[in-house]
Amino acid sequence: MNLAQALSILSKSSPYAVSTEREPNQDCLAEYKSHIYIKTDIEADFKQALLSAKKDEIIFLCGSSGDGKSEILTQYSQKHKATHDFHLDATHSFNPSQTAIHALDERFTQFKGNDKPLVVGINIGMLGNYAEEGADQHNDVKASIKAFLENQTDDIPANHTYLDFEQYPKFTLGHEVSTSDFAAQFLARLTEPTLNNPFYALYDSEVKKSGHTTLTANYALLGLDSVQKSIIALLLKARLIKDQFLTARALLDFVFQILATDGYLFDNLFSGADNELLEHIQSFDPSNIHTRKIDEFVLQFGLGIEDEGFTQLKEQVRPLGVFDVLSAVSYLRMVYLLKDEEQFSNEYINELKVDFDNSLVNQYANIWLLHREFDGSAHQKKELNKFYKDIVIAAIHRYCNRNSPTLDKDQFFISEYNGFKTAAELEVKPDFTAIKTQGVSKIGAFNAHVRADDNTLLPMPISINLLELLEKINQGYRPNKHDKNAVLLLDEVIEQIITVANEKSTLFILKNDKRYKIVNEDDEYFEVSGI
């Protein structure tokens, strides 16, 4: 057994990528898989539901492909098959002539005829299919599933329990640190520097016998706490910016690819290999950043000029097995990955890593938390008001008035007729009552709540991409066809504002350098000024 063979269990093409009811002592790789198993919150809740289930209860463990259902179900089905019935994979049937829907029909019929609780592992898509296509004799189950899918929790029978992986997010946003406990625990477990860790024992043995290889160097790099944090930060960016969900199977394959692919870990990380996480992370390649300091580094590297701090870094990474780095691109990626490792810190590296700033994610996390934790206090109102005034409302105003940029800050463009532009004055401000009562749950977006005069506008979902666009609009950027989804959201807000503006009793008319103010006095007469 060598390190490469042991790590192969992480690959999505490995037979270990999906758990089956194999005997744990059947092969020598079982202890490696057992060592990296992470017990999650959903597993703890599943175990509690399983042990307390009565004979007429159904437990649905549901989620997406690769999120770890089979890992949990396989483990508990072997221990509890005498007292519970298990349907481990609802996409399968019992024989070739039977559909997955018919297999579920059969399983629910058996359940209703015996005295054991039933446990079903099922994808969300299959839940929806069964709710539509299941047998009429199981209309009670179908109605329960529909209630769950439509989030009508009051209509779900007491004897049906739904444990959904989506309700157990892999990432958490924090004021100081945003992270993934699952990914952090897995990376720490895989690389823990103790001989009780079978992966580390293989690594240690190979380095002592034969010296470093690219694989052992990658394993050593991954063992650095700062590298693990940098990788998790990249995964979080993929979640927020690319809307890429993190599943257990995708994460394991991702780690296999960055460790075992030819090349050093910092190059593999941005190679875009055959992995959905790597494909998205590729777009965050630090070598694509162009600043004066980074471009100077690339130029100096090409000319063979080395700063003392750069020479020092090259010597410091040699004990980790990093020897033959041949390009400026690779060194930039290495600095990016090691940017928070104190032992490699020097003035030159610190100046270079400033350009790898991750402020957008931090800014989004802080604003997201302000919405989630808002309790109406004066301090929080002040913080949120700054965000709404300087970013959201300012961008809405600038976008609304893009064809009439000379309007005052409280005036909003309505329309143009024969060269005459019409506008109205509105008080647009955050709706603190709505912010306090409407909770935030998923990290992918939060709702911005705005009022125009006394009118509550529809919530505006702010993703990290929309936040970035709002910032760019305030800097003078004009959205184009590539910003289609964000533009639709902005257009919806503008449409609501114009609807409110059309009800105003005071209208401003502008042409060239002339301005007119028309006031409707109680529908009796119009007062015109500015002529």
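Quick note: residue numbers are just sequence positions, from 1. Not measured: the values here are computed from a predicted model.
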>> For Q244 and L235: C-alpha separation, side-chain torsions, deciding distance, then whether side chain to side chain contact (heavy atoms under 4.5 Å, CB included) applies.
In response: CA-CA 9 Å; Q244 175 60 52; L235 293 171; over 6 Å; no
> Is Y388 reaching over with its side chain to a backbone N or O of H449, donor-acceptor style, under 3.5 angstrom?
Replying inline: yes
> If you look at every heavy atom in A100 and M126, which pair is closest and at what distance?
Replying inline: CB-CE, 3.8 Å
> Does L278 offer a backbone N or O that forms a donor-acceptor pair with the side chain of Q257 under 3.5 Å?
Replying inline: no
> Any chance the rings of F245 and H280 have centres within less than 6.0 Å?
Replying inline: no
> What's the verdict on side chain to side chain contact (heavy atoms under 4.5 Å, CB included) for Y336 and I289, showing C-alpha distance, side-chain angles and the deciding distance?
Replying inline: CA-CA 11 Å; Y336 177 88; I289 298 172; 5.9 Å; no
> With sequence neighbours left out, what residues match F344 under ring-ring contact (aromatic ring centres under 6.0 Å, His included)?
Replying inline: none
> V354: what forms a side-chain contact (heavy atoms from CB on, under 4.5 Å) with it, not counting sequence neighbours?
Replying inline: none
>> Assess the residue pair N350 and S345 against the criterion (side-chain hydrogen bond (donor to acceptor under 3.5 Å, both in side chains)); give the C-alpha distance rounded to whole Å, side-chain angles, the decisive distance to 0.1 Å, and a yes or no.
In response: CA-CA 7 Å; N350 290 342; S345 180; 3.1 Å; yes
> Which pair of non-hydrogen atoms, one from D181 and one from T179, has the smallest distance, and what is that distance?
Replying inline: OD1-CG2, 3.8 Å
>> salt bridge (Lys or Arg N to Asp or Glu O under 4.0 Å), that's the test. Do R107 and D85 meet it? Break it down for me.
In response: CA-CA 9 Å; R107 183 63 80 186; D85 277 337; 5.0 Å; no
> With no hydrogens and no angle check, is any side-chain donor or acceptor of N275 less than 3.5 Å from a backbone partner on L277?
Replying inline: yes
>> I'd like to know whether N197 forms a side-chain hydrogen bond (donor to acceptor under 3.5 Å, both in side chains) with H35, so could you lay out the CA-CA distance, the side-chain angles of the two residues, the decisive distance to 0.1 Å, and finally the verdict.
In response: CA-CA 7 Å; N197 172 3; H35 180 77; 3.3 Å; yes
> Should D274 and K12 count as an ion pair when the cut-off is N to O under 4.0 Å?
Replying inline: yes
>> side chain to side chain contact (heavy atoms under 4.5 Å, CB included), that's the test. Do Y219 and F199 meet it? Break it down for me.
In response: CA-CA 9 Å; Y219 186 85; F199 293 94; 3.7 Å; yes
> Can you name the nearest heavy-atom pair linking A217 to G321, along with the distance?
Replying inline: CB-O, 3.5 Å
> Taking only residues two or more places apart in sequence or in another chain, which ones pass salt bridge (charged side-chain N to carboxylate O under 4.0 Å, His left out) with D285?
Replying inline: R333
>> Looking at A147, is its backbone amide N or carbonyl O close enough to the side chain of D155 to form a donor-acceptor pair, meaning the two atoms are under 3.5 Å apart?
In response: no
> Would D225 and K229 pass as an ion pair if we require N to O under 4.0 Å?
Replying inline: yes
>> Can you see whether S377 engages D375 through a side-chain donor-acceptor pair at a distance of less than 3.5 angstrom?
In response: yes
>> Quick check against the 3.5 Å criterion: does S34 have a side-chain atom that pairs as donor or acceptor with the backbone of E31?
In response: no
> In Å, rounded to the nearest 0.5 Å, how long is the span from CG of L259 to OG1 of T191?
Replying inline: 9.5 Å
>> Tell me the closest heavy-atom pair linking L369 and L173, and the distance in Å.
In response: CD2-O, 3.5 Å
> How far apart are the closest heavy atoms of F86 and L50, and which atoms are they?
Replying inline: CZ-CD1, 4.0 Å
> When you check the gap from the basic side-chain N to the acidic O, do E276 and K242 get nearer than 4.0 Å?
Replying inline: no
>> List the residues meeting side-chain hydrogen bond (donor to acceptor under 3.5 Å, both in side chains) with Q316, not counting sequence neighbours, and say none if there are none.
In response: none
> Ignoring hydrogens and geometry, is there a side-chain-to-backbone donor-acceptor pair from W368 to K442 under 3.5 Å?
Replying inline: yes
> Do D67 side-chain atoms and S64 backbone N/O form a donor-acceptor pair below 3.5 Å?
Replying inline: yes
>> Taking the six-membered ring for Trp, are F374 and F446 closer than 6.0 Å centroid to centroid?
In response: no
> For atom CG of N2, is the number of surrounding heavy atoms from other residues, nucleotides or ligands below 6.0 Å larger than 12?
Replying inline: yes
>> Show, in sequence, the C-alpha distance, side-chain angles and deciding distance for T161 and F60, and conclude whether the side chain to side chain contact (heavy atoms under 4.5 Å, CB included) test is met.
In response: CA-CA 6 Å; T161 299; F60 293 94; over 6 Å; no
>> Taking atom CG as the centre, does D262 end up with more than 12 heavy-atom neighbours from other residues, nucleotides or ligands that are less than 6.0 angstrom away?
In response: no
> Among all residues two or more places apart in sequence or in another chain, which pass the ring-ring contact (aromatic ring centres under 6.0 Å, His included) test with Y76?
Replying inline: F46
> Centres of the Y203 and Y200 rings: under 6.0 Å?
Replying inline: yes
> Quick one: does Q167's side chain have a donor or acceptor within less than 3.5 Å of a partner on D164's backbone?
Replying inline: no
> OG of S180 to CZ of F186: how many Å apart, nearest 0.5 Å?
Replying inline: 11.5 Å
>> Show the nearest heavy-atom pair for residues P430 and I435, with the distance to one decimal.
In response: CB-CD1, 4.5 Å
>> What verdict does the side-chain hydrogen bond (donor to acceptor under 3.5 Å, both in side chains) test give for S330 and S327, after you've listed the backbone C-alpha separation in whole Å, the side-chain angles of each residue and the deciding distance to 0.1 Å?
In response: CA-CA 5 Å; S330 293; S327 70; 3.1 Å; yes
>> Distance to the ring centre below 6.0 angstrom and angle to the axis at most 45 degrees; does that hold for K237 and F284?
In response: yes
> Mind checking what makes salt bridge (charged side-chain N to carboxylate O under 4.0 Å, His left out) contact with K142, not counting sequence neighbours?
Replying inline: D136
>> One pair to check against side-chain hydrogen bond (donor to acceptor under 3.5 Å, both in side chains): E133 and T99. What are the steps and the verdict?
In response: CA-CA 11 Å; E133 302 172 26; T99 67; over 6 Å; no
> NE2 of H102 to OH of Y130: how many Å apart, nearest 0.5 Å?
Replying inline: 9.5 Å
> To the nearest 0.5 Å, how far apart are CD1 in I349 and NZ in K353?
Replying inline: 9.0 Å
